[in-house]
Amino acid sequence: MSDLPTEGLQSLSFTGLRFDAALGILDHEKGAPQPIQVDAELSLGPQPLHPRDDDISHVLDYRKVRQIIIDECTAEHVNLLETLIGKLCDRLMRLPGVQGVRVKITKLEIFDDCEVAIRMEAGRW
């Protein structure tokens, strides 16, 4: 009998996903979308080290998750980062098999001398 593990904790990460979103309370922010960056990590909990097969239909397809992030952040104008990150975390937590999410949304060009970001963590890690 072996003491080697048969499963491990798995997460799916997106780093540096950049696109334009209608976000903000300032006049220039309401007039045109601005570039944001989304970093997200999804906790998938314990997963077998040797999956039963090599079939994409049996895992969380990261192509679909990426599109959900973009769609959720560009669906409508949102005034506050706090509102947007809450909506995104809620949507990601609803995906099958997701036990927790960590999300960071960064406004890339709001100030000349810095970026502004907000982070939120929900669920189990």
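Here CD1 of Ile70 is found 11.0 Å from CG of Leu88. Values are rounded to the nearest 0.5 Å. For the atom pair CG (Asn79) and CG (Leu84), the distance works out to 11.0 Å, reported to the nearest 0.5 Å. Rounding to the nearest 0.5 Å gives a distance of 9.5 Å between CD of Gln47 and CG of Leu60. Between atom CD1 of residue Ile36 and atom CG of residue Leu81 there is a gap of 8.0 Å, rounded to the nearest 0.5 Å. The CE atom of Met93 lies 9.0 Å from the CG atom of Asp90; values are rounded to the nearest 0.5 Å. Distance CG/Leu9 to CD/Gln99: 8.5 Å, rounded to 0.5 Å.
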Would you be so kind as to tabulate the donor-acceptor pairs closer than 3.5 Å made by side chains of residues 14-27, with sequence neighbours excluded?
unit_1	atom_1	unit_2	atom_2	d
Arg18	NE	Gln37	OE1	3.0
Arg18	NH2	Gln37	OE1	2.9

Steps toward side chain to side chain contact (heavy atoms under 4.5 Å, CB included) verdict (His58, Arg52): CA-CA 9 Å; His58 297 138; Arg52 63 181 173 171; 2.7 Å; yes
Stepwise side chain to side chain contact (heavy atoms under 4.5 Å, CB included) check, Asp39 with Val103: CA-CA 6 Å; Asp39 300 300; Val103 177; over 6 Å; no
Side chain to side chain contact (heavy atoms under 4.5 Å, CB included) between Thr6 and Leu49, intermediate numbers included: CA-CA 6 Å; Thr6 59; Leu49 294 180; 5.7 Å; no
Full working for side chain to side chain contact (heavy atoms under 4.5 Å, CB included) between Val98 and Leu12: CA-CA 10 Å; Val98 172; Leu12 173 63; over 6 Å; no
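No more than 12 heavy atoms of other residues, nucleotides or ligands shown are found within 6.0 angstrom of CG on Asp54. Within a 6.0 Å sphere centred on CG of Asp112, heavy atoms belonging to other residues, nucleotides or ligands number 12 at most.
There is a side-chain donor-acceptor pair under 3.5 Å between Glu29 and Gln34.
Closest approach of Ala117 to Thr106, counting heavy atoms only: CB-OG1, 3.4 Å. The minimum heavy-atom distance between Leu42 and Trp125, with the atom names listed, is C-CH2, 3.9 Å. Between Ser11 and Glu41, the shortest heavy-atom contact is OG-OE2, 3.1 Å.
Using a 4.0 Å cut-off between charged side-chain N and carboxylate O, Glu76 and Lys87 make a salt bridge.
Within the 4.5 Å cutoff, no side-chain heavy atoms of Val38 are placed close to those of Lys104.
One hydrophobic cluster holds both Tyr62 and Val101 under the rule that ILVMFWY side chains link at heavy-atom gaps under 4.5 Å.
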